[in-house]
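What follows is a short report on a single structure.
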Amino acid sequence: MKRTWRFWVALWVGKLITIGLQVSGKKGTTLPGKIAQKIAPEIMKHLSASYTEGIVIITGTNGKTTTANLLASILREAGKSFAFNQAGANLVTGITGALLQNTQWNGSSSTKLALLEVDEATVPKFCEQVTPSLAIVTNFFRDQLDRYGELDTTVHLVKESLSPETLLILNADDPLVAQFGSGSARTCFYGVESTPDSCLESHETREAKFCPACGIELKYSLFHYGQLGIYHCQGCGFHRPEPNVLAQNVFAEDDLLNFQVDAAAFSTSLQGYYNLYNALAALTAARQLGIEDGLIAKGLREFIPQAGRMERFGLTGGEVTLTLVKNPTGFNQVIQTILSADKPLRIMIGINDLAADGRDISWLWDVDFERLGTREERIQHIICSGLRAEDMALRLKYAGIPEEKLVIEHSLPAAVNLLQQGRQGDETVFILPTYTLLFTLRELLAEQQQKAGLTVIEDRTRKEGART
């Protein structure tokens with residue numbers, strides 16, 4: 001592929017900006033990617049040509065970052081080097097910046113494999129220039145309607161953008177994802193037999209009540225969460241495909257999520273059965289990349305949750321879990337995970353309505369906060385913060401949380417301190433922010449952890465010692 005003078009200028013300018021950011025102690029790939037894109041709009045096409053071992057992308061509504069980091073952990077255990085937008089900058093500018101970092105001054109890549117998280121709305125723009133060798137599609141849920149538009153539109157755009165040459169790693173349990181395999185020879189499905197939370201009926205609002213092929217209502221024999229489960233259409237026969245990779249004997253124990261695939265045992269330090277799908281997606285992709293199960297098991301087991309996805313911090317008062325919330329289905333699964341601990345609870349919820357969060361916060365009324373209301377005796381207090389703290393407190397009041405247990409505090413440092421004041425015994429503490437609050441809170445918790453001189457492992461060891 002012939003490279004134009006625009007490519008070389010974009011490459012060198014992008015790399016100089018990257019170096020400048022590093023020297024000034026700043027992080028980020030978005031700015032170098034943004035400038036490079038302006039100079040050479042097709043720069044991704046040229047940068048991607050060097051990845052002869054393949055380009056793996058992860059897209060979908062929930063679980064992209066966790067799945068990408070799980071797969072990265074496996075690849076590292078297998079001794080593979082790869083380009084990776086680890087920080088989660090998954091728009092065109094962030095992806096371009098990540099590729100720039102991995103490209104040398106002469107235009108050649110430092111590695112031959114790329115692992116890229118791609119925002120679902122960005123897939124069409126990305127695939128105009130790049131043909132992935134492998135694409136993981138996690139799930140589709142209603143998310144930021146003011147940005148993405150209707151869900152059917154997003155699903156259609158992603159489906160039409162992926163090339164027939166791309167091997168699709170698909171969630172068999174989500175009918176919106178499974179439909180991607182219709183008529184495609186290059187597919188590999190993953191799914192779940194059942195979890196302790198699976199049920200015969202679901203009261204959650206489902207995104208896929210109707211068959212994507214003929215429009216008749218789908219019938220379910222088992223629900224895992226949302227629209228994920230075992231389904232079939234009585235009209236055209238569309239049904240949940242038989243998974244090539246099926247999770248069985250699923251259980252949680254000692255802060256580990258455990259499961260079997262083909263009689264091989266796997267575990268990972270993630271909370272919430274919804275994270276099983278992220279582990280399965282990474283496992284399935286790793287197998288397709290030729291990695292043996294022993295290395296996959298080690299990569300999953302040694303994975304450390306990060307970037308605010310059930311990320312744990314060891315503080316003086318005890319462990320705190322930070323996890324991003326951004327749409328009703330994801331929030332419902334976090335609530336399920338919080339309540340499954342069966343311990344006294346302290347919760348902080350931070351809601352912003354900036355562009356990256358979604359301007360429309362009406363989705364909060366679709367979250368099943370009533371489940372918290374039915375267990376309000378376990379809740380010590382809920383701190384509401386962020387630009388829409390009052391809206392969050394009002395929603396919780398209507399969900400049945402007593403007013404005396406609701407606290408509004410717009411200052412994040414003050415809110416974190418209030419959350420932990422008077423903390424006792426085995427209380428479980430969760431902080432649940434939307435996107436634009438996530439990294440500020442993460443820095444605050446990291447600073448407190450550093451001052452405490454504790455890691456999560458040390459904190460747990462200290463607690464266990466105190467009990468004995």
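- In this structure, the side chain of Arg346 engages the main chain of Leu419 through a donor-acceptor pair within 3.5 Å.
- Looking at heavy atoms from C-beta onward, Pro433 lies in side-chain contact with Leu322 at the 4.5 angstrom threshold.
- Of the candidates Leu246, Leu170, Leu168, Leu170 is the only one forming a side-chain contact (heavy atoms from CB on, under 4.5 Å) with Phe189.
- A side chain to side chain donor-acceptor pair (under 3.5 Å) with Arg309 is found for one member of Thr67, Thr65, Thr66 and no other, namely Thr65.
- Tyr277 and Asp174 are not linked by any side-chain donor-acceptor pair at a separation below 3.5 angstrom, with hydrogens and angles left out of the test.
- Residues Phe84 and Glu117 form no side-chain contact, since every pair of their non-hydrogen atoms from C-beta on lies 4.5 Å or further apart.
- Note that the CD atom of Glu201 and the OH atom of Tyr220 stand 14.0 Å from one another [nearest 0.5 Å].
- With Asp368 contributing its side chain and Asn332 its backbone, the two residues share no donor-acceptor pair below 3.5 Å.
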Requested in this report: Please report the C-alpha distance between Asp357 and Lys326 in whole Å, then the side-chain angles of each, then the deciding distance to 0.1 Å, and finally whether the salt bridge (Lys or Arg N to Asp or Glu O under 4.0 Å) criterion is met.
Outcome: CA-CA 7 Å; Asp357 307 290; Lys326 61 175 186 170; over 6 Å; no
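- Taken to the nearest 0.5 Å, the CD1 atom of Ile169 stands 13.0 Å off from the OG1 atom of Thr138.
- You'll find the side chain of Val118 stays beyond 4.5 Å of the side chain of Ile58, heavy atoms only.
- Between Phe223 and Tyr231, the ring center distance fails the sub-6.0 Å criterion.
- Between the side chain of Thr122 and the backbone N or O of Leu91, no donor-acceptor pair lies under 3.5 Å.
- No more than 12 heavy atoms of other residues, nucleotides or ligands sit less than 6.0 Å from atom NZ of Lys298.
- Not one N or O on the side chain of Ser267 forms a donor-acceptor pair closer than 3.5 Å with the backbone of Asn258.
- For Gln420 and Gln448, the side-chain atoms include at least one donor-acceptor pair closer than 3.5 Å.
- Under a 3.5 Å cut-off, the side chain of Thr268 and the backbone N or O of Arg301 do not form any donor-acceptor pair.
- Between Gln336 and Asp197 there is a side-chain heavy-atom pair separated by less than 4.5 Å.
- Other residues, nucleotides and ligands place no more than 12 heavy atoms under 6.0 Å from the CD atom of Glu403.
- Within 6.0 Å of atom OH in Tyr398, 12 or fewer heavy atoms from other residues, nucleotides or ligands are found, so the atom counts as exposed in its surroundings.
- Ion pair Glu427/Lys343 not flagged as a salt bridge, since none of the NZ, NE, NH1 or NH2 atoms sits closer than 4.0 Å to an Asp/Glu carboxylate oxygen.
- With sequence neighbours left out, Arg388 forms a salt bridge (charged side-chain N to carboxylate O under 4.0 Å, His left out) with Asp353, Asp391.
- At least one side-chain heavy atom of Leu176 sits under 4.5 Å from a side-chain heavy atom of Gln179.
- The backbone N or O of Leu339 sits less than 3.5 Å from a side-chain atom of Arg378, completing a donor-acceptor pair.
- Within the 3.5 Å criterion, the main-chain N or O of Val192 finds a donor-acceptor partner in the side chain of Asp173.
- The CZ atom of Arg240 lies 8.5 Å from the OG atom of Ser221; values are rounded to the nearest 0.5 Å.
- Using a 4.0 Å cut-off between charged nitrogen and carboxylate oxygen, Arg395 and Glu370 count as a salt-bridge pair.
- Partners of Asp293 under the salt bridge (charged side-chain N to carboxylate O under 4.0 Å, His left out) rule, at least two apart in sequence or in another chain, are Arg287.
- When atom types are taken as modelled, the side chain of Asp119 and the backbone of Ala121 share a donor-acceptor pair closer than 3.5 angstrom.
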Query raised in the report: Which is it for Asn249 and Gln260 under the side chain to side chain donor-acceptor pair (under 3.5 Å) test, yes or no, and what are the steps along the way?
Result: CA-CA 6 Å; Asn249 301 323; Gln260 288 185 331; 2.5 Å; yes
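- Side-chain contact between Trp363 and Phe331 is present, with heavy atoms from C-beta onward closer than 4.5 Å.
- Between Leu200 and Leu222, some side-chain heavy-atom pair lies under the 4.5 Å cut-off.
- Here the CG-CG distance, from Leu256 to Leu270, works out to 9.5 Å after rounding to the nearest 0.5 Å.
- Checking Thr434 against Asn352 by side-chain atom types alone, no donor-acceptor pair falls below 3.5 Å.
- Heavy atoms only, all atoms of each residue included: Ala356 and Thr436 are closest at CB-CG2, 3.8 Å.
- Between the side chain of Asn327 and the backbone N or O of Gly330 there is at least one donor-acceptor pair closer than 3.5 Å.
- Put simply, the side chain of Cys211 does not reach to within 4.5 Å of the side chain of Pro175, judged on heavy atoms.
- The backbone N or O of Asn69 sits nowhere less than 3.5 Å from a side-chain atom of Ser73 that would complete a donor-acceptor pair.
- Separation of atoms OH (Tyr273) and CZ (Phe251) is listed at 9.0 Å; rounding is to 0.5 Å.
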Requested in this report: Could you check Glu376 against Lys405 for salt bridge (Lys or Arg N to Asp or Glu O under 4.0 Å), going step by step and ending with a plain yes or no?
Outcome: CA-CA 9 Å; Glu376 61 87 12; Lys405 292 189 176 184; 3.1 Å; yes
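- Here the closest heavy-atom approach between residue His410 and residue Gly386 is recorded as ND1-O, 3.0 Å.
- Note that the CD1 atom of Ile74 and the CD1 atom of Ile291 stand 6.5 Å from one another [nearest 0.5 Å].
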